[in-house]
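Computed from a predicted structure; not experimentally measured. Counting begins at 1 with the first residue of the sequence.
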Amino acid sequence: MEPSPPFSHDQAVKNLLKRYPFDALEFLAPDIWHARGRPSSVEVVDAAVAKDDAAEPGPGQAMDLALRFEYSEGPSLLVVLVEHWSSAAKLDLLRTARYYLDLCRRFPDDEILPIALVDDDKPYDLENTILRGAYGYPYLIFETRLVQIPALEMDAYRTTFNRVALSFLPNMRGSRGVDTVLDVTLAFLQADDPDGVRLLFAFWVVEGRLNSMQQDDLNQRLKERDMPEIIDWWRQEGIEIGRTAGVEEGIEK
């Protein structure tokens, strides 16, 4: 049997948002959700970004994720661009602005909402606007919506049925580590979503920054609850029990 590929934290976030796009909209843009209600449909937009110069070198010519929602009434379309940053120090608004302009070209009649989703291990005082100009006159003003997971209060979401919000509970303020990961697991199972547990359990462990001792405790409590198969699921994701580095490497990747 071939070894499992290393856990990708960034890919896990994309999988989460694509699997539950309506929950993603409700969690990341509750004001729009409350004003417009549930969209009638959603599609994942091609993440490739057109180069202005075909000879331009280097990576980074793909957005993290863009979701296109359609409504039956009112403005018909909304494109939500989500750029995920596991490290607040790497937040790059100019790069997001470039992706935003690309979407403006591709969807000239759509409303487009940019979101910077930051799940660093602690909240930071981050700037959400970039302004560039000359001789005191602004020529570029770009603002993005910041959603910092560690700055959110877990108590505000602990009774939610929103599976995107639930998945970030282990990294919110007030998280109880192993207890919170188990609470999220049970919430998914009560929602009859075992496939979600299989896909996301390793992500919850990483979001909760569980060290090796906490991982041991988590596995013991899973065995006590007669859920040993979950241990195999998250080991298959490339995180090895007993290695704190497994969590750290998952975050870095």
Side-chain angles (χ1 to χ4, degrees), residues 5-17 19-20 23-24 27-28 30 60 64-65 82-93 95-96 114-128 144-158 160 162-185 187-188 196-197 199-219 221-222 230 233-235 237-253:
F7 176 83
S8 170
H9 182 241
D10 190 59
Q11 187 59 50
V13 172
K14 295 175 187 176
N15 291 341
L16 170 66
L17 301 183
R19 183 177 177 87
Y20 309 106
D23 284 6
F27 174 62
L28 297 173
D64 278 350
L65 180 66
V82 181
E83 283 296 301
H84 167 244
W85 305 91
S86 58
S87 172
K90 297 179 180 178
L91 182 64
D92 186 346
L93 296 187
R95 192 173 91 176
T96 304
I115 297 175
L117 174 61
V118 181
D119 59 346
D120 210 324
D121 60 350
K122 59 182 177 180
Y124 293 85
D125 184 15
L126 299 175
E127 182 58 58
N128 70 338
T144 189
R145 176 175 297 200
L146 282 175
V147 179
Q148 285 197 78
I149 301 301
L152 301 178
E153 293 289 347
M154 189 190 73
D155 284 345
Y157 296 95
R158 62 188 309 169
T160 184
N162 185 302
R163 278 169 279 190
V164 172
L166 282 170
S167 292
F168 285 112
L169 284 185
N171 195 17
M172 291 184 186
R173 184 178 294 155
S175 171
R176 295 172 290 112
V178 172
D179 287 337
T180 299
V181 172
L182 286 173
D183 287 345
V184 174
T185 303
F188 268 67
V197 178
L199 177 69
L200 296 166
F201 191 85
F203 173 69
W204 303 334
V205 173
V206 170
E207 278 294 290
R209 271 68 176 177
L210 301 189
N211 59 33
S212 57
M213 292 182 61
Q214 290 172 312
Q215 292 176 41
D216 284 328
D217 180 31
L218 176 60
N219 281 354
R221 293 171 69 176
L222 287 171
I230 296 179
W233 293 349
W234 71 282
R235 278 179 173 173
E237 289 293 329
I239 301 178
E240 299 178 17
I241 184 64
R243 290 182 62 232
T244 306
V247 173
E248 295 170 350
E249 291 170 6
I251 291 289
E252 181 62 24
K253 290 180 184 297

Taking the side chain as every heavy atom from C-beta outward, state whether [X] and [Y] have any pair of such atoms under 4.5 Å apart.
{"X": "Leu222", "Y": "Leu182", "answer": "yes"}
{"X": "Arg176", "Y": "Asp183", "answer": "yes"}
{"X": "Arg221", "Y": "Asp179", "answer": "yes"}
{"X": "Leu126", "Y": "Trp85", "answer": "no"}
{"X": "Met172", "Y": "Arg158", "answer": "no"}
{"X": "Leu91", "Y": "Leu146", "answer": "yes"}

Subject >> SB check Arg95 Asp92 (cutoff 4.0 Å) >> reply: no
[atom2] on [Y] to [atom1] on [X], rounded to 0.5 Å:
{"X": "Leu93", "Y": "Glu127", "atom1": "CG", "atom2": "CD", "result": "7.5 Å"}
{"X": "Asp217", "Y": "Ser212", "atom1": "CG", "atom2": "OG", "result": "11.5 Å"}
{"X": "Leu210", "Y": "Ser175", "atom1": "CG", "atom2": "OG", "result": "8.0 Å"}
{"X": "Arg173", "Y": "Leu152", "atom1": "CZ", "atom2": "CG", "result": "8.5 Å"}
{"X": "Met154", "Y": "Leu166", "atom1": "CE", "atom2": "CG", "result": "11.0 Å"}
{"X": "Leu17", "Y": "Leu117", "atom1": "CG", "atom2": "CG", "result": "6.5 Å"}

Subject >> Phe168 vs Val147, side chain to side chain contact (heavy atoms under 4.5 Å, CB included): CA-CA, chis, key distance, verdict >> reply: CA-CA 11 Å; Phe168 285 112; Val147 179; over 6 Å; no
Look only at the side chain of [X] and the backbone of [Y], and say whether a donor-acceptor pair between them is shorter than 3.5 Å.
{"X": "Glu83", "Y": "Asp64", "value": "yes"}
{"X": "Arg209", "Y": "Glu207", "value": "yes"}
{"X": "Asp23", "Y": "Asn162", "value": "no"}
{"X": "Asn171", "Y": "Ile149", "value": "no"}

**OP:** Could you tell me how the ring of Phe27 sits relative to the ring of Tyr157: parallel (under 30°), tilted (30 to 60°) or perpendicular (over 60°)?
**Re:**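 Taking Tyr157 first and then Phe27, their aromatic rings stand perpendicular (interplane angle over 60°).
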Which heavy atom in [X] sits nearest to a heavy atom in [Y], and how many Å separate them?
{"X": "Ala165", "Y": "Thr160", "value": "CB-CG2, 4.1 Å"}
{"X": "Trp204", "Y": "Pro170", "value": "O-CB, 3.7 Å"}
{"X": "Ala116", "Y": "Thr144", "value": "N-OG1, 3.6 Å"}

Original post:
Any chance the rings of Phe188 and Phe201 have centres within less than 6.0 Å?
Top reply: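 No, the ring centres sit 6.0 Å or more apart.
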Original post:
Looking just at side-chain N and O atoms, do Asn15 and Gln11 make a donor-acceptor pair shorter than 3.5 Å?
Top reply: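 A pair is found: one side chain offers a donor N or O, the other an acceptor, under 3.5 Å apart.
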Subject >> Donor + acceptor pair across side chains of Asp10, His84 (<3.5 Å) >> reply: yes
**OP:** Could you please spell out the steps behind the side chain to side chain contact (heavy atoms under 4.5 Å, CB included) verdict for His9 and Asp119?
**Re:** CA-CA 10 Å; His9 182 241; Asp119 59 346; 3.0 Å; yes
